[in-house]
Peer 1: 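Before I ask anything, let me first share the structure, which is written out below as structure tokens.
Side chains are part of it too, since the values below use all heavy atoms of this structure and drop only hydrogens, waters and symmetry mates.
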Amino acid sequence: MTGEEAILSLLDERAAGATICPSEAARRLAESVAGPEGNWREQMDTIHAATDALSTRGAIVLSWKGIAMQKRRGPYRIARR
């Protein structure tokens with residue numbers, strides 16, 4: 001599983017307009033790589049890079065506390081466009 005796949009699969013499981021936390025995607029990626037004992041924090045750079053790529057392509061939008069973000073900076077949430 002790639003970082004992009006982790007993000008998109010979580011979004012597919014959510015209702016339209018729902019958001020995910022990047023750490024949720026990192027947990028999913030860590031589990032796919034190393035099983036339930038995988039270290040999700042080690043996957044955060046991969047998830048941030050995947051978020052940047054998906055955002056650049058217009059596949060996702062970013063927000064924090066309901067306010068849209070143009071670029072990833074600080075804490076953020078991810079939703080489908």
Peer 1: Count I, L, V, M, F, W, Y as connected when their side-chain heavy atoms are under 4.5 Å apart, and connections chain through other members. Are Ile78 and Val61 then in the same cluster?
Peer 2: no
Peer 1: Are there more than 12 heavy atoms of other residues, nucleotides or ligands under 6.0 Å from atom CD of Glu37?
Peer 2: no
Peer 1: Can you list the residues that meet the salt bridge (Lys or Arg N to Asp or Glu O under 4.0 Å) rule with Arg41, with sequence neighbours excluded?
Peer 2: none
Peer 1: Between Lys71 and Tyr76, is there a side-chain heavy-atom distance shorter than 4.5 Å?
Peer 2: no
Peer 1: Can you list everything that forms a salt bridge (Lys or Arg N to Asp or Glu O under 4.0 Å) with Arg57? Sequence neighbours excluded, please.
Peer 2: Glu4
Peer 1: Does any pair with a residue in residues 15-38 pass ring pair (Phe, Tyr, Trp, His ring centres under 6.0 Å), and if so which ones, sequence neighbours excluded?
Peer 2: none
Peer 1: Provide the closest heavy-atom pair for Ala25 versus Ala6 in the form atom of the first, atom of the second, distance.
Peer 2: O-CB, 3.6 Å
Peer 1: side-chain hydrogen bond (donor to acceptor under 3.5 Å, both in side chains) with Asp45: which residues, sequence neighbours excluded?
Peer 2: none
Peer 1: Could you measure the distance from the CD atom of Gln70 to the OG atom of Ser55? Nearest 0.5 Å is fine.
Peer 2: 8.0 Å
Peer 1: If you look at every heavy atom in Leu62 and Thr51, which pair is closest and at what distance?
Peer 2: CD2-CG2, 3.6 Å
Peer 1: In terms of hydrophobic clustering (I, L, V, M, F, W, Y; side-chain heavy atoms under 4.5 Å; direct or indirect links), are Trp40 and Met1 co-clustered?
Peer 2: no
Peer 1: Check side-chain hydrogen bond (donor to acceptor under 3.5 Å, both in side chains) between Ser63 and all other residues, then give those that pass, not counting sequence neighbours.
Peer 2: none
Peer 1: Looking at Ile20, Thr19, Leu54, which hits side chain to side chain contact (heavy atoms under 4.5 Å, CB included) with Ile60?
Peer 2: Leu54
Peer 1: Please find the pair of heavy atoms, one from Ala18 and one from Ala79, that lie closest to each other, and give the distance.
Peer 2: O-CB, 3.7 Å
Peer 1: Please lay out, stage by stage, how Arg80 and Asp12 fare under the test salt bridge (charged side-chain N to carboxylate O under 4.0 Å, His left out).
Peer 2: CA-CA 9 Å; Arg80 278 212 184 263; Asp12 284 344; 2.5 Å; yes
Peer 1: Gly3 and Ala50: which non-hydrogen atoms are nearest, and at how many Å?
Peer 2: C-CB, 3.6 Å
Peer 1: Run the side-chain hydrogen bond (donor to acceptor under 3.5 Å, both in side chains) test against Ser9 and tell me which residues pass, sequence neighbours left out.
Peer 2: Arg28
Peer 1: Do you know which two heavy atoms are closest between Pro22 and Met44, and how far apart they sit?
Peer 2: CB-CE, 3.9 Å
Peer 1: Please report the C-alpha distance between Trp64 and Arg72 in whole Å, then the side-chain angles of each, then the deciding distance to 0.1 Å, and finally whether the side chain to side chain contact (heavy atoms under 4.5 Å, CB included) criterion is met.
Peer 2: CA-CA 10 Å; Trp64 182 242; Arg72 178 180 59 79; over 6 Å; no
Peer 1: For the CD1 atom of Ile67 and the CZ atom of Arg77, what is their distance to the nearest 0.5 Å?
Peer 2: 14.5 Å
